[in-house]
Every structure is written in structure tokens, then in C-alpha cells.
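Written out below as C-alpha cells is the structure these notes cover.
Numbering starts at 1 and runs along the sequence shown.
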Amino acid sequence: MSRCSGGIFDWDKAHARLGELNAAAEDPDVWNKPDKAREIMREREHLQFSLDSVREVEALLKDNIDLIELGEAEKDAAVVLEAENAIVALAEKAGRMKLESLLSGEADANNAFIEIHPGAGGTESHDWANMLFRMYLRWAEARGFKAEILEILEGEEAGIKSATVRIIGHNAYGWLKTEAGVHRLVRISPFDSNARRHTSFASVWVYPEIDDNIEITIDEKDLRIDTYRASGAGGQHVNKTDSAVRITHLPTGIAVQCQNDRSQHKNRAEAYKLLRARLYEVELQKREAAAQAVEDSKSEIGWGHQIRSYVLHPYQMVKDLRTGYEDGNTKAILDGRLDPFMAASLSQRVGGK
């Protein structure tokens, strides 16, 4: 057995289970039951990723312990300090891995889509939405995730009117689902010549990217498809061509749009993917209602139901109103240091505290 971050990783049990999953995956009849096959593949991938991650942490820990011993023997303080700092970073990574072991939801391991929309307030709220947009891009970059901007509509004077981003990485949805809700900003407005304090709101929606094998039935008669000219950067071609696509699912009122490509065909395909993901998320919410998952937070998205407050004046503080977690380093947080907030929210969801 291996001990890591105060917990115990049962290698024998994990390897035995992986062997069972590998044998099941190699069964030629496995795809006779597609739902069961997908469940096996998903569990196998998750378990293999967990085993590889623990092996990596243990190998790096051993290497750095050896470096410390070597540095002490040779009285090389720089080597010792570098190895100690590496071990501190490993401890933080092990802590995240411990939390990630709690991400057992059906779609937690998937990539995620993020939608950001400003509240009322014109330029001020548009700028706040853009600050959130940048914050999530920085968070993804720090985690080694890939971010693809699918749609962005710029504000007239500053900021954005909306943005949709795909975050690609293991457990992206599991972490980011804790961000769904209304985010509130209090600051001295850079757009107010009298330097008055303003309060702005923006909403964040998060939903998982779904596997192509998952069947989501969409009746074409339930769709309204609109094309329009893309806005923002893109050159003359984008400005002269109705390449952007918006698809509205009439029974639910869900609307998605994509304008990231010059090809209307490609934008339509991406928009369909977004719609399937949104409809799948609705189904997930229904099935997870007993655990008060994402749907509960989304149903409370309103300007009186913010989940987090970012105060830049008269003091500096970011506070999550669900968990009570707060941090005064507002610059670091707006630069993407969101893991402590996500961890607190995830722990509360799973463990109730």
C-alpha cells in the first residue's frame, strides 16, 4: 500500500479492479450493451489516470528526498531548498488529487463549457464579465488545461456581452461546476469620471462536454436555427459573411451560438455539440437533484443570489457566500488562483462541510 497526503491508496485493490476492467473491455461481446460498455471504459480510464498520478507523485517525492540527502551531504543549501520547495508543491498536488478522488459524478471527468454573461449595467458589467473570462482562462492555463474560445461578443465600449469557452482537461467539469452562479464585483469604477463605487454582476454557467457515443435525441422541428454576421476580430471575410450560427431549442428555451470559425458549417456543428451538452446537463441535473447538484445553483441564478463577492474597494476581499471561504489576495484570484475556492465548494458538496 502507498500512503499519500494523509490518506491510503490501496494498490492491490486498485490493480485488481483495473485487471477486471481490462478483461471486461477485451470481451468481444462488451458492446452488445453500449451503456455498460461506456461505464466500463469510463471507470477504467479514471482508475488508470489515478494510478499513474499516484506513481508520478511517489517517484517525484523519492527523487526530491534523495536530492535533499545529497545536498545535505555536500552542504549545498541551494539544492536542499529547491528539493524542499518541490516537495511542498507535491503536497499541494497530492491534496488536489485527494479532492479529485471525490469527483465521482457521471460527467465530472469530462471537458467543460463555460458561458459568461454580464448583468444589467452596460459598460461596467461588460468589463466585469471580461475580467471573469480572463480569470478562467488563467485558471485553465495554470492547470495545464487547454481553453478554446467558441464564441465572444464584445461590448460597445469595453468588456464583453457574452463568451463561451471549452476547457479541455481531466476533471475539468468536476472542478468548474462549482463556479456556476452569479459573481458580484464591488470597486471604484474606471469608467466613472467621479470615481464612485459601483457594484456589478455577471453570471457563469458551466456544463459538461459529452461523449459522442451518448445519445441525445433532438427533433429538428424543435429547433430554430439563425445565421448572422460574426462580430469582433476576423477580417473582412467574417464581417461580410453570415457565418455565425445560433440554435434555439424551443421546448426548453435553451439557446447556443458559435462564431469562432469562418465556416458556417463548422460553426453549426459546434453549436449542435453545445446544444447536446446543455440538454445532457439538464438530464444530469434531474438525476442529481437529490444531491442538490448543479441545477440547484442554476435555479438560483439571479441578482439577489450571488455565490461569490469580489470586493476591491474600500477593502480587498473575495468571499464565497456558500462556504464562507475568503481570501484577501484579490489580484492572485483574478489571475486564476481559484483552486482553494473550488476545493471548499467541492468538499461541501461531497462531505457537507
Exactly one of Leu132, Asp127, Ile152 clears side-chain contact (heavy atoms from CB on, under 4.5 Å) with Ile160, and that residue is Ile152
Counting only heavy atoms from other residues, nucleotides and ligands, does the tally under 6.0 Å from CZ of Arg197 exceed 12?
no
Is there a chain of hydrophobic side chains (I, L, V, M, F, W, Y, each step under 4.5 Å between heavy atoms) that links Tyr136 to Ile149?
yes
Ring centre gap for Trp139 and Phe145 strictly below 6.0 Å
yes
Examine the side chains of Glu151 and Ser162 and answer whether a donor and an acceptor come within less than 3.5 Å of each other.
yes
Hydrophobic cluster partners of Ile188 (side-chain heavy atoms under 4.5 Å):
none
To the nearest 0.5 Å, what is the distance between OG1 on Thr178 and CD1 on Ile307?
7.5 Å
Note: Asn130 and Gly159 closest approach over all heavy atoms is CB-CA, 3.7 Å
Between Glu124 and His198, is there a donor-acceptor pair closer than 3.5 Å when you use the side chain of the first and the backbone of the second?
no
Compute whether any side-chain donor of one residue and acceptor of the other, for Tyr207 and Glu115, lie under 3.5 angstrom apart.
yes
Side-chain contact test, heavy atoms from C-beta onward, threshold under 4.5 Å: evaluate it for Gln257 versus Thr164 and give yes or no.
no
Just by modelled atom types, is the Leu60 backbone N or O under 3.5 Å from a matching donor or acceptor in the Asn64 side chain?
yes
Taking the six-membered ring for Trp, are Phe341 and Tyr325 parallel (under 30°), tilted (30 to 60°) or perpendicular (over 60°)?
perpendicular
Using modelled atom types and a 3.5 Å cut-off, is there a donor and acceptor pairing between side-chain atoms of Ser200 and backbone atoms of Leu185?
no
With no hydrogens and no angle check, just 3.5 Å: does a side-chain donor-acceptor pair link Trp175 and Asp339?
no
Using a 3.5 Å distance criterion without hydrogens, assess whether the side chain of Arg268 forms a donor-acceptor pair with backbone atoms of Ile247.
no
Are more than 12 heavy atoms from other residues, nucleotides or ligands located less than 6.0 Å from atom CD of Glu141?
no
Ignoring hydrogens and geometry beyond distance, is a side-chain donor-acceptor pair present between Asn22 and Glu26 at under 3.5 Å?
no
Is there side-chain contact between Glu74 and Val79, with heavy atoms separated by less than 4.5 Å?
no
Does Lys319, at its NZ atom, have more than 12 non-hydrogen atoms belonging to other residues, nucleotides or ligands within less than 6.0 Å?
no
Glu82 atom CD, neighbour heavy-atom count above 12 within 6.0 Å:
no
Tell me if a side-chain donor or acceptor on Asn110 pairs with a main-chain N or O of Glu209 at a distance below 3.5 Å.
yes
Tell me yes or no: between the side chains of Ser309 and Arg184, is some donor less than 3.5 Å from an acceptor?
yes
Residue pair Pro208 / Glu281, side-chain heavy-atom distance below 4.5 Å
yes
